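These numbers come from a predicted model, not from an experiment. All chains are named by letter (A, B, ...) in the order of the sequence lines, taking the proteins before the strands, and each is independently numbered beginning at 1.
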Amino acid sequence: MMHDKVVRRRRAVLAVLVLLSLFLLTAYFGEGNGGTLHAVQRGAMEVFAPIQEGANRALKPFRDLFGWFGDTLDAKSDKKKLEAQNHQLQQDLVDAEEEKRALEQYKGLQEQNEQGGLGKYTPVEARVIARSPSSWYQTFQINKGSSDGVRIDQPVVNPAGLVGKVKSVSDGNAVVMLLTDPEFGVSATTVESAEPGSVGPAVGAPGDLRFELVPNAKEVRKGDRIITAGTSTSSRVSDLRSLYPRGIIIGTVSRVETGEGELDRVIHVQPAADLHNLDIVEVLTEPHSDIRAQAP
Amino acid sequence: MTVSAPAAGRLALLGLLGGIIELTTVSQISIFGVPADLSPLLVASVGFLCGSVPGAIFGFGLGLFVDTALLQTLGVNSLVYTAVGYGAGRIRELRDPAHALAPVAIGAAATAVATIGFSLLQFLLGVEAPVSLLLVRQILLTIVLNTLLALPVYIVCRRVLAPYLPDDPRRRRRRAYTTGGLSPLSKA
């Protein structure tokens, strides 16, 4: 009997509280901002506000203490995240600069092929994948080989001009000899005076070229542009075709040393291509296509 | 438990101070990205210590205070905390758990009921918020955080209400064991 009474009382209290909550909820939700419950709430809040403000000030040190711990942990976490983000951004920047440089080189090659007329020699683009660290071996390796149509002695160019020629070929790679290699030589001519000659490396001066065997060397001046002649410079074999098509720029005359006689004149040529900074090059796989096309 | 006037006064003071500390300090400290919520822990502790009816009344009062102080829709927290206080009290009355970590489990369950119940009521009232993964994460983190705080809050509540409480289950059982089951309560 007593137990039933307790249970009834407990349930009644629960029911009253739930109903009261629901009534408050419904009435509050249903009335406007100027309603009675809202007004009571605002009034109560005005009573509580000073208490809350005082408590807020009194408990601020505790809050700050916890905040300090939290901020420290957050700062450490943020630091790690920002460091990782910084590394990622630096890597992205390097990648972007690399892509930009490659794009510029591709664009240059494209222009060279279209406007410079090298497109007819079936160029094969290749990336430099290795380079000889020794100044004695002026060679580098590219990622295209015989399977791409690359053969020995084919000319290699970049947007600036002639770079060298293919020295050896494997199935997927090739080794390119630079203009400045001691074994390199190419028949050439000046654009300004059309003086024929031969360009080869200046022995003992890495990076420098010499324009030699020039019949009228005195006609050649500093600043003259040197291009491939497309034929042999020898008068006896004047119709012998060169390895290189005509018109590829080799460099510019950087200095002319005068001697006692005409034959003592030494013409130095600065390569047009930056041979220390090669990334993307083109191999002209059909350097004589224009000759074949003109043949009857 | 019959709540005397002094006990009711202490409960009111506990609710008022707990509510103020919750609103002015605890709610402004984020741990794991969420603030702790002392209110369900207080209500559950009171319900667990005093029984279902005092727990429900205390929950209703604390909910009303929180709703009023925060200018929220009146009745939402009252309804939720009434259920929490009543439920915690009924667990005490029906199961009388003696394990030392029982308040922790009760606190976790109370927080879960309170946060999920509050969210459900908000949705029912037409608050247009998607049930996002972020919301679920926040609810779970609040439950985890409150679970860690449940025992200290329970200890504080027990200390405040100690003079008006019957012997706690552990002490009662310990006495029953040492006296061969001759505890007055075991006869009752």
| query | With a 4.5 angstrom heavy-atom cut-off, which part of Leu23(B) approaches chain A: side chain, backbone, both or neither? | reply | side chain

| message | Quick one, Leu25(A) and Leu125(B) - any side-chain contact, counting heavy atoms below 4.5 Å? | response | yes

| Neighbour count above 12 (heavy atom, 6.0 Å) for Arg42(A) CZ | yes

| said: Are Leu64(B) and Leu24(A) packed together at the side-chain level, in the sense that at least one heavy-atom pair is separated by less than 4.5 angstrom? | reply: yes

| task | Measure the spacing between CD1 of Ile51(A) and CG of Leu16(B) and express it to the nearest 0.5 Å. | result | 6.0 Å

| Thr25(B) versus chain A, the contacting section by heavy-atom distance below 4.5 Å | both

| task | Could you pull out the closest heavy-atom pair between Thr73(B) and Tyr28(A), with the gap in Å? | result | CA-CE2, 3.3 Å

| query | For Ile21(B), is it the side chain, the backbone, both, or neither that has a heavy atom closer than 4.5 Å to a heavy atom of chain A? | reply | both

| Option that, when pairs with chain A are counted at under 4.5 Å, heavy atom only, ranks first among Leu121(B), Thr82(B), Val80(B) | Thr82(B)

| Under 3.5 Å, side chain of Gln41(A) to main-chain N/O of Gln72(B), donor-acceptor pair present? | yes

| Approximate separation, where rounding is to 0.5 Å, of Leu74(B) CG and Phe29(A) CZ | 12.5 Å

| field | Contacting moiety of Val13(A), where chain B heavy atoms sit under 4.5 Å | value | side chain

